[in-house]
Amino acid sequence: MVRHHVELDVIIDCGFDEMMKPEELNSLGSQIIRCYSDNKKSEKYVNLKLSSFNKSLKERFTTVMRNQHLQWKNIEILEEEYHFPNDPEDLKNWVYLSSDSSNLIETLEPHRTYIIGGIVDKGRYKNLCKDKAEKQGIQTGRLPIDEFIKISGRRVLTTNHVFEILLQWLVTKDWKLAFENVIPPRKLLSNVHQDNTSKKPQLESNQIAENSS
Ligand code: SAH
């Protein structure tokens, strides 16, 4: 397979260490390994970065995970917080992904920076990433889940699923396929597969894949 590099940055913001329980932090560690390996295998791959990698998560990687991250290639691991641009024009190219956002992401564009919150919180901290982004003047965006598929449960996806969906969209340019290829089958409502029309299904309840795997 010929792999293509897409000039697009994805930052996993690891600045939420203190807000997670030990098992959630462990889960985030595994999710980050998944992101790294998905980016390594994907037909289209992006510039993957970790920011604020400086506390408990780093500690876990350097101890239990035996420093495996030090062998990783094609990833930038920053101890400090990401540096967003001061120039409002440049800042327009930054998007913090959040299921709480009222802005819909329709396409992913090269030369933009997409931030994914590196946190497993099982719904404890609603608006956490949205509020952080807004304080920093960074626009937010949610994935168009309900616009393309029917799912059960909460619409808050895990960090690695969101990253995988971004990669899948870059490969397929099709949100429906990207969601179906990534979201666990038990979360997809069965009638999705019978609906081949261009209708955009809407769900009433506001509840996806639990933010816990
Ligand atoms: N309470 C946390 C939820 C973390 S889920 C919060 O405030 O965001 C892990 C990350 O995945 C989120 O921070 C967000 O960046 C991304 N994410 C999860 N579901 C999403 C969705 N439906 N649309 C856009 N981004 C999503």
Side-chain angles (χ1 to χ4, degrees), residues 8-21 23-36 38-39 46 48-53 57 81-82 84 94-109 112-136 138-170 175-176 178-184 187-189 200-203 205-213:
L8 172 158
D9 289 359
V10 177
I11 302 174
I12 300 179
D13 177 3
C14 304
F16 306 102
D17 284 33
E18 270 96 29
M19 306 180 75
M20 282 178 276
K21 300 175 184 169
E23 65 273 19
E24 293 172 339
L25 187 79
N26 298 353
S27 171
L28 179 64
S30 310
Q31 291 188 27
I32 286 175
I33 296 174
R34 272 299 287 269
C35 293
Y36 171 70
D38 286 335
N39 200 41
V46 298
L48 179 60
K49 306 181 183 193
L50 307 181
S51 64
S52 300
F53 187 79
L57 187 68
E81 169 114 301
Y82 48 80
F84 55 87
W94 282 54
V95 181
Y96 205 127
L97 299 178
S98 164
S99 57
D100 302 307
S101 175
S102 40
N103 309 323
L104 199 65
I105 293 186
E106 291 180 19
T107 57
L108 303 174
E109 301 295 335
R112 291 215 170 144
T113 298
Y114 296 90
I115 309 174
I116 305 176
I119 178 163
V120 175
D121 66 358
K122 307 207 174 78
R124 269 200 310 289
Y125 307 115
K126 200 170 155 47
N127 293 327
L128 177 71
C129 293
K130 177 171 172 266
D131 289 349
K132 175 174 180 177
E134 283 172 357
K135 276 198 200 104
Q136 296 179 327
I138 302 174
Q139 63 181 312
T140 58
R142 69 170 175 87
L143 293 173
I145 300 175
D146 291 340
E147 286 72 11
F148 288 92
I149 56 163
K150 289 196 177 194
I151 56 157
S152 64
R154 294 185 305 123
R155 266 114 189 91
V156 188
L157 298 166
T158 59
T159 303
N160 64 306
H161 282 159
V162 171
F163 181 68
E164 224 183 309
I165 287 166
L166 301 186
L167 291 179
Q168 283 283 320
W169 186 85
L170 291 171
W175 286 116
K176 188 170 187 285
F179 292 132
E180 286 175 2
N181 289 343
V182 175
I183 292 173
K187 286 277 166 191
L188 296 172
L189 294 178
K200 295 183 175 180
Q202 294 285 341
L203 282 190
S205 67
N206 190 28
Q207 305 250 326
I208 201 176
E210 70 280 7
N211 169 27
S212 62
S213 58

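Whatever order the structure lists them in is the order used to number ligands and atoms, beginning at 1.
- The ligand atoms of ligand 1 that sit less than 4.0 angstrom from a heavy atom of Thr159 are 9 (C).
- Polar contact check, Leu143 against ligand 1: a nitrogen or oxygen pair lies under 3.5 Å apart.
- Heavy atoms of Ser99 found under 4.0 angstrom from ligand 1 belong to the backbone as well as the side chain.
- Near Gly141, with a cut-off below 4.0 Å to any heavy atom, the atoms of ligand 1 are 24 (C).
- For ligand 1 and Val156, the ligand atoms under 4.0 Å from any heavy atom of the residue are 3 (C), 5 (S), 19 (N).
- Note: no N/O pair closer than 3.5 Å links Ile119 and ligand 1 by distance alone.
- Near Leu97, with a cut-off below 4.0 Å to any heavy atom, the atoms of ligand 1 are 14 (C), 15 (O), 24 (C), 25 (N).
- Side chain of Gln31 to main chain of Thr159: a donor-acceptor pair is present (N/O by atom type, distance under 3.5 Å, no hydrogens or angles).
- Contact atoms of ligand 1 toward Ile116: 10 (C), 11 (O), 15 (O), 16 (C) (distance under 4.0 Å to a heavy atom of the residue).
- Close N/O approach between Leu157 and ligand 1 is found [any backbone or side-chain N/O within under 3.5 Å].
- Remark: distances from the non-hydrogen atoms of Gly123 to ligand 1 are all 4.0 Å or more.
- The shortest N or O to N or O distance between Leu128 and ligand 1 is below 3.5 Å.
- Counting heavy atoms only, Cys129 comes closest to atom 6 (C) of ligand 1 of the residues Ser98, Cys129, Pro144, Ser101.
- Using a 4.0 Å cut-off between heavy atoms, Asp121 contacts ligand 1 through its side chain alone, with no backbone atom that close.
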Glu180 vs Gln168, test: side-chain hydrogen bond (donor to acceptor under 3.5 Å, both in side chains). Steps then yes/no.
CA-CA 10 Å; Glu180 286 175 2; Gln168 283 283 320; over 6 Å; no
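- Between Tyr82 and Tyr96, the ring planes are perpendicular. Angles over 60° get that label, and only those under 30° would be called parallel.
- The backbone N or O of Ala133 lies less than 3.5 Å from no partner atom in the side chain of Gln136, so there is not a single donor-acceptor pair.
- Ligand 1 has a nitrogen or oxygen under 3.5 angstrom from a nitrogen or oxygen of Tyr125.
- Using cut-offs of 30° and 60° for the angle between ring planes, the Phe179 and Trp175 rings count as parallel.
- In terms of modelled atom types and a separation under 3.5 Å, the side chain of Ser30 and the main chain of Asn26 share a donor-acceptor contact.
- Residues Lys150 and Lys187 have side chains not in contact (no heavy-atom distance under 4.5 Å, counting atoms from C-beta outward).
- Without hydrogens or angle criteria, Asn103 side chain to Thr140 main chain gives a donor-acceptor distance under 3.5 Å.
- With a heavy-atom cut-off of 4.0 Å, Val120 does not touch ligand 1 at all.
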